[in-house]
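All remarks here apply to the structure that follows.
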Amino acid sequence: MPRSSLSLSRRGLLASAAGLGVAALAGRSGFAATPTAGGVLRYATLGLDTSDPHRHTGSIAVQQCYVEALTSIAADGSVEPFLAERFTVSPDGRNYRFELRPGVTFHNGDPLTAADVVANIERVKSKVKGGWLASAMKLVDGAAADGPNVVTLSLSKPYAPLLNLFSELWILSPKSDGWAETIKTPIGTGPFTFGTWVPKVKLTAPAYRNYWRSGEPHLSAIEFDLGDGTDKALALRAGDLHVANVERDTVEALVASGKVDIKALKDTAWFSIAFNNRKPRPPFDDPRVRSAIALAVDKAAIMKFVGGAEGVVTNQLVAPGNVYFDQALHDADPFAKPDLAKAKALLAEARVKPEDHTIEFVSWVGPYPQIVVQMVRKLGFKVNHVALDDIGAQKRLGQYDWDMNAMSSGPRADLFLRWVRLMTDGPNPVLWGGIQDAELDRTITAAVEEPDLARRKAIYLDATRRVAEKVYFVVLGHAPDLVAVAKTVQGYEPGFTWACHWASGGVARAALVAA
């Protein structure tokens with residue numbers, strides 16, 4: 001889907017120029033005093049598309065309040081224990097051991113056991129065909145309960161993303177209504193229960209008072225606004241919402257109201273320009289020409305426009321602070337600053353007269369690609385800019401009858417979920433030009449099969465260098481999605497992705513205080 005930041009208005013740009021950064025606006029993240037028990041938190045970010053957590057297509061922002069997983073994603077993208085108190089991986093990366101946290105109960109009062117976890121793994125493996133877990137589940141040779149509190153898992157081959165992806169394998173009671181087909185009333189272990197769901201309207205989730213983490217939750221309930229027509233900025237200012245995702249062009253007014261703090265997801269959206277790699281036409285198949293075009297793009301200006309003070313210029317698929325980020329590679333970015341003179345020299349070396357060529361440029365509708373187009377035109381190229389809605393852009397890109405695009409992609413639970421789209425047979429490869437590179441495929445596969453984090457990071461950096469050598473696409477930078485939090489809320493911290501509840505933060509730790 002198109003990024004919300006692509007709709008940034010002129011007013012939003014002025015707000016960014018005023019320096020209204022998340023770091024300056026974040027306000028309180030902990031408690032000034034002992035949290036007050038009770039109260040209903042009104043929450044609106046993403047929707048809820050199904051009552052069956054194993055079959056979701058984007059409900060992570062809601063359902064994780066009532067279902068939890070063995071693992072969770074930490075602020076830097078690494079893995080934290082969650083329902084599993086600890087986990088170990090064999091040196092060959094094929095065998096996993098999860099030791100369950102003691103004292104965890106489902107919302108029906110039953111204790112969580114290893115057999116329950118195995119039943120969930122088997123249900124996802126046998127009944128869920130799509131989603132990011134599908135590939136991982138195909139590799140599971142066996143899952144077994146080694147006593148009441150230990151789960152062992154064996155894979156047919158190493159698959160390093162497993163622990164991160166297991167943060168979205170939610171554990172439910174096999175007694176949940178509809179377990180055999182489609183779950184109608186999920187029974188989880190989370191700090192809140194499923195409650196009452198009115199599709200596309202709201203979910204009311206009452207607190208679970210026997211939650212395994214002592215003293216939590218502080219709230220009596222959460223009411224999730226699932227409607228599409230809510231003006232979230234207006235509702236926040238009116239006090240009708242406590243937590244909501246917001247557009248960057250609303251931040252200035254929200255902060256001026258004095259009623260909210262602005263926080264950011266820990267992972268980021270990454271912005272890029274890409275070239276047609278599946279069916280490139282001359283001269284855009286020449287890396288020198290691609291490099292010249294990249295040198296015409298002012299990364300800093302683009303990232304300030306789309307991300308304000310939080311926009312970060314880099315050349316990697318992750319932002320600074322992520323466990324996979326590499327400072328040395330960042331410092332060596334040849335496109336960090338625009339250089340028209342060098343760009344023109346590269347075009348002369350390639351014997352390309354820009355005025356003789358028209359770039360077929362495809363994007364979503366929005367101002368960010370328009371700015372890229374104006375920058376590229378400074379080299380003398382003519383540009384036919386085709387701006388479409390999401391479906392239209394995906395269709396046009398899939399025809400590979402274009403030369404260049406400007407796109408973005410949002411938070412992911414594991415770095416592989418970004419790299420897999422760049423593989424020859426990867427899902428939805430069109431945003432990055434449908435790369436067909438056997439050497440790149442082998443490098444990404446090697447990273448996926450490497451159990452050691454340090455060695456895996458080094459291999460992913462090799463893949464980054466391969467992309468840079470071929471100039472398949474150019475990362476412009478990163479910017480986080482923003483969440484407005486009412487000043488009457490203390491203790492709430494957004495997670496790495498849109499999950500409303502995670503091991504080190506989220507709604508279980510939120511409390512309402514007097515205005």
Side-chain angles (χ1 to χ4, degrees), residues 270-299 301-302 315 317 333-364 366 368-388 392-409 421-424 426 428-441 463-477:
W270 62 288
F271 294 76
S272 63
I273 58 172
F275 300 95
N276 184 346
N277 299 299
R278 186 72 58 89
K279 297 179 181 178
R281 64 188 182 98
F284 307 110
D285 56 346
D286 188 328
R288 293 171 297 183
V289 176
R290 295 176 178 219
S291 295
I293 292 172
L295 285 167
V297 177
D298 188 335
K299 285 189 176 188
I302 292 293
N315 56 349
L317 273 62
D333 182 4
F335 306 122
K337 295 181 180 180
D339 189 334
L340 289 178
K342 185 175 180 180
K344 291 177 180 178
L346 283 170
L347 292 175
E349 179 184 321
R351 298 184 178 181
V352 170
K353 295 181 179 179
E355 60 273 16
D356 293 340
H357 300 279
T358 298
I359 298 174
E360 287 293 323
F361 190 106
V362 178
S363 76
W364 290 310
Y368 142 60
Q370 296 174 27
I371 299 172
V372 175
V373 167
Q374 294 307 315
M375 291 175 175
V376 172
R377 282 181 172 147
K378 290 181 180 179
L379 289 175
F381 286 106
K382 296 185 283 292
V383 181
N384 180 35
H385 182 196
V386 181
L388 302 165
Q394 297 274 357
K395 182 178 179 181
R396 176 65 189 273
L397 290 171
Q399 295 170 354
Y400 295 104
D401 59 350
W402 50 277
D403 302 309
M404 182 180 175
N405 72 36
M407 293 290 178
S408 61
S409 184
R421 295 167 179 249
L422 311 178
M423 300 181 76
T424 299
N428 192 27
V430 295
L431 301 192
W432 301 278
I435 298 170
Q436 307 279 281
D437 184 336
E439 179 61 31
L440 182 62
D441 292 344
T464 302
R465 296 184 186 98
R466 177 74 177 179
V467 168
E469 174 192 347
K470 300 295 184 180
V471 202
Y472 290 134
F473 62 88
V474 176
V475 177
L476 303 180

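Note that the numbering runs from 1 along the sequence shown for the chain.
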Value for OH (Tyr368) from CD (Gln370), rounded to nearest 0.5 Å, stands at 12.5 Å
dist Arg281:CZ -> Asp401:CG (nearest 0.5 Å) comes out at 9.5 Å
d(Asp403 CG, Glu360 CD) to nearest 0.5 Å is 6.5 Å
* Measure up the Trp270 and Trp432 rings against each other and bin them: parallel (under 30°), tilted (30 to 60°), perpendicular (over 60°). => parallel
| Do Lys299 side-chain atoms and Ala294 backbone N/O form a donor-acceptor pair below 3.5 Å? | no
Query - Stepwise side-chain contact (heavy atoms from CB on, under 4.5 Å) test for Ile273 and Phe473 - result: CA-CA 6 Å; Ile273 58 172; Phe473 62 88; over 6 Å; no
Minimal heavy-atom distance between Met375 and Ala296, with the atoms involved, is CB-O, 3.5 Å
Closest heavy-atom pair, Pro338 versus Val297, reported as atoms and distance to 0.1 Å, is CB-O, 4.0 Å
Could you go through Phe275 and Val471, starting from their C-alpha distance and side-chain angles, then the distance that decides it, and tell me whether this counts as side-chain contact (heavy atoms from CB on, under 4.5 Å)? CA-CA 8 Å; Phe275 300 95; Val471 202; 4.2 Å; yes
Discussion item. Can you confirm whether Leu379 sits close enough to Lys344 that some side-chain heavy atom of one is under 4.5 Å from a side-chain heavy atom of the other?
Written reply: yes
In terms of heavy-atom contacts, Ala274 and Trp402 come closest through O-CZ3, 3.9 Å
Inset, instruction - Could you give me the CA-CA distance, side-chain angles and deciding distance for Ile359 and Ile293, then say whether side-chain contact (heavy atoms from CB on, under 4.5 Å) is met? - result: CA-CA 11 Å; Ile359 298 174; Ile293 292 172; 4.0 Å; yes
Taking every heavy atom of Val430 against every heavy atom of Gly398, the minimum-distance pair comes out as CG1-CA, 3.6 Å
Q) Do NZ/NE/NH1/NH2 and the carboxylate oxygens of Asp437 and Lys470 come within less than 4.0 Å? A) no
Just say parallel, tilted or perpendicular for the rings of Phe381 and Phe284, cut-offs at 30° and 60°.
-> tilted
If you define the side chain from C-beta out and look only at heavy atoms, does anything of His357 sit under 4.5 Å from Val289? no
Any Phe361 side-chain heavy atom under 4.5 Å of Val372 side chain: yes
d(Tyr472 OH, Arg466 CZ) to nearest 0.5 Å is 5.0 Å
Rounded to the nearest 0.5 Å, the CD1 atom of Ile371 sits from the CD1 atom of Ile302 at a distance of 5.0 Å
Criterion side-chain contact (heavy atoms from CB on, under 4.5 Å) on Thr464 and Val475, from CA distance to verdict = CA-CA 10 Å; Thr464 302; Val475 177; over 6 Å; no
Between Val352 and Asp286, is any pair of side-chain heavy atoms under 4.5 Å apart? no
On a heavy-atom basis, the closest approach of Leu346 and Ser291 is CD1-CB, 3.9 Å
Is there side-chain contact between Ile435 and Arg421, with heavy atoms separated by less than 4.5 Å?
no
Looking at Asn276 and Tyr400, would you say the former's side chain and the latter's main chain have a donor-acceptor pair under 3.5 Å? yes
Residues Ser363 and Pro369: closest non-hydrogen pair is OG-CB, 3.3 Å
When rounded to the nearest 0.5 Å, the distance separating CG of Leu431 from OG of Ser272 is 7.5 Å
Contacts satisfying salt bridge (Lys or Arg N to Asp or Glu O under 4.0 Å) that involve residues 369-385 (not counting sequence neighbours) are none
For residues Asn405 and Arg396, is any side-chain donor paired with an opposing acceptor at under 3.5 Å?
no
